[in-house]
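Structure record follows, encoded as structure tokens.
Predicted, not measured: the structure shown is a model, and the values here were computed from it. The figures here come from the full heavy-atom set of this structure, side chains too, leaving out hydrogens, waters and symmetry mates.
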Amino acid sequence: MESTRLKTEMTRRAFVTSSAAAVIVSGLVPDAAAATTFAEQPANRGTAPFRVIIDTDPGVDDALALLLAMRSPELKIEAITPVAGNVPLELTLPNALRMVEIAGRTDIPVAAGAKAPLMRRLVTAAYAHGENGLGGAVFPEPTTKPVATPAPELIRQIVRKYPGEVTLITIGPLTNIATALNSDAELVGMVRGLVMMGGSLSGGNITPAAEFNVYVDPEAARIVFQSGIPITMVGLDVTRKTSLTDEHVRVLEAAQNPVSQAAAKIGRNAINHNREGGYLVGPNMHDSLAVAGFLDPSILTLQDYYVDVETTGELTAGATLGYSPIAGDLRRRPGMEKDAAAMNVLVRGSAPTLATTRWSPVLRRKYVPNTKVAVDVDSPKFFDLLIGRLSGKR
Ligand code: BDR
Ligand code: CA
């Protein structure tokens, strides 16, 4: 047990420190020479299949992400854990069950997760995903039942069963994950990594500041970002560059298998929904990109940041802030480059109010990146993988 824990800790350290040289030299614009791809990181090398748990709130793009994952032999999906988000749990749970039935993967346990965020009322995105969460695409009631174990407990049990082996792929609000971490202090050290669709360093989609998944449960997201689990953040910075097109849907429609037919139906409805809303482009495939980036690391370019979550703002709760000594400092003081190691106090919070006696709070005394943020995406390569897998061509 002790040696396993030690090994896990070493793996995490290798992951977090592997791309210290990868910090960019100016703002968010990726520097090809400095950035790393997912594939170059030690934690992403290894022998397939990879054990994963997919935490999700289906959701149009969640549904396609689940189908993609279930069509991918690189993954050993240990569980699917729906959470309230895009629509209430009463819909995300059966939608997840529908997807496992469509994919013929009823062997995968599906466990009901949280009905509401940790400390807030649930805000849904039915405006984007339709009242049924699948863009109005109708599928039969699932006959498969969820397992009896609640999602956070199932996550805990699976991670403990395979210490150091399980990657959490989270494509919804992080309530289930935070609850699991809160329930077991040793769990953090046993998780191999967490690949998240969530957050943004370049503005939000539900408010100008916040991306939806983090907006819905910022307190949960903060627990996750501060946990010490090696995180890869696939946020709006890259997922905004992935719009589903009519041509993609035509390829799916032409393929005669249940997965491609279901994906085409959901995709067609979602594109029409976007058009009716006046959008000129199809819906972003946010969640599929997180899965695809895990499957084929060369799709994403990553850079190190210390990421934290705003939880108290009146207008900004759920904003994800990326601290990087080199990128951040250069943005403010061009020409005054400093070595990251020379920066003692970097992670600073808001100015103190009159009610406090402190100087501005220092969130971290020393800059240590906790997240690899996806800053660029090879979109054509991503869609080749997504549409290829869903249509059964690769
Ligand atoms: C995220 O929010 C949800 O609406 C999508 O499913 C995705 O997970 C994008 O901000
Ligand atoms: Ca989602």
Side-chain angles (χ1 to χ4, degrees), residues 38 44 52-70 72 75 77 80-87 92 95-96 99 113 117 124-125 128-129 133 167-178 193-206 210-218 220-222 224-225 229-244 266 270 283-297 299-302 305 307 309 318-320 322 371-379 382-383 385-386:
F38 218 163
N44 293 315
V52 299
I53 296 173
I54 305 182
D55 195 70
T56 177
D57 60 336
V60 164
D61 58 328
D62 300 74
L64 268 58
L66 288 172
L67 295 175
L68 168 64
M70 289 188 282
S72 295
L75 303 183
I77 306 173
I80 293 173
T81 52
V83 65
N86 286 320
V87 284
T92 61
N95 283 346
M99 294 308 120
T124 64
H129 296 262
T167 299
L168 306 173
I169 300 181
T170 68
I171 55 178
L174 289 148
T175 322
N176 290 340
I177 307 298
L194 186 149
V195 179
M196 161 196 308
M197 190 288 129
S200 168
L201 298 188
S202 53
N205 55 357
I206 182 154
E211 180 282 326
F212 179 79
N213 289 338
V214 182
Y215 172 88
V216 169
D217 200 340
R222 193 161 216 224
V224 169
F225 276 106
I229 294 174
I231 295 171
T232 302
M233 175 176 129
V234 183
L236 299 178
D237 314 300
V238 284
T239 65
R240 278 194 185 107
K241 299 177 185 170
T242 61
S243 289
L244 193 71
I266 295 167
N284 294 140
M285 293 293 98
H286 304 281
D287 295 342
S288 296
L289 183 59
V291 173
F294 187 71
L295 291 171
D296 179 355
I299 287 173
L300 294 173
T301 302
L302 307 176
Y305 278 88
V307 176
V309 181
T320 39
T371 303
K372 295 194 178 293
V373 177
V375 293
D376 202 7
V377 53
D378 185 336
S379 211
F382 159 63
F383 275 109
L385 177 66
L386 176 65

Inter-residue atom distance [X].[atom1] - [Y].[atom2], 0.5 Å rounding:
X	Y	atom1	atom2	value
Leu68	Leu385	CG	CG	5.5 Å
Phe212	Ser200	CZ	OG	15.0 Å
Ile77	Ile53	CD1	CD1	11.0 Å
Phe382	Leu300	CZ	CG	9.5 Å
Ile177	Leu194	CD1	CG	6.0 Å

Take Leu289 and Asn284 through the side chain to side chain contact (heavy atoms under 4.5 Å, CB included) test and state the conclusion after the steps. CA-CA 9 Å; Leu289 183 59; Asn284 294 140; over 6 Å; no
Might you work through the side chain to side chain contact (heavy atoms under 4.5 Å, CB included) test for Leu295 and Leu75, ending with a clear yes or no? CA-CA 8 Å; Leu295 291 171; Leu75 303 183; 3.7 Å; yes
Does [X] reach the side chain of [Y], with side-chain heavy atoms less than 4.5 Å apart?
X	Y	value
Pro283	Met285	yes
Phe294	Thr232	no
Thr320	Tyr305	no
Arg222	Leu174	no

[X] to [Y] - nearest heavy-atom pair and separation:
X	Y	answer
Ile171	Asp57	O-OD1, 3.2 Å
Met99	Ala63	SD-CB, 3.9 Å
Ile299	Ala292	CD1-O, 3.9 Å
Asp237	Met233	OD2-CE, 4.2 Å
Ile231	Val224	CD1-O, 3.5 Å
Ala210	Ala319	CB-N, 3.9 Å

Any side-chain to backbone donor/acceptor pair from Asn95 onto Pro58? Under 3.5 Å, distance only. yes
Starting from the C-alpha separation in whole Å, work towards a yes-or-no answer on side chain to side chain contact (heavy atoms under 4.5 Å, CB included) for Asp287 and Leu64. CA-CA 8 Å; Asp287 295 342; Leu64 268 58; over 6 Å; no
Just to verify, which of Asp61, Leu236, Thr56 counts as forming a side chain to side chain contact (heavy atoms under 4.5 Å, CB included) with Met197? Leu236
What I want to check is whether the side chains of Thr81 and Asp55 have a donor and an acceptor closer together than 3.5 Å. yes
Report the C-alpha distance between Ile266 and Val60 in whole Å, list the side-chain angles of each, state the deciding distance to 0.1 Å, and finish with yes or no for side chain to side chain contact (heavy atoms under 4.5 Å, CB included). CA-CA 7 Å; Ile266 295 167; Val60 164; 3.8 Å; yes
Under the side chain to side chain donor-acceptor pair (under 3.5 Å) test against His286, which residue among Thr239, Asn205, Thr242, Asn213 passes?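 It is Thr239, the one option of Thr239, Asn205, Thr242, Asn213 that forms the side chain to side chain donor-acceptor pair (under 3.5 Å) with His286.
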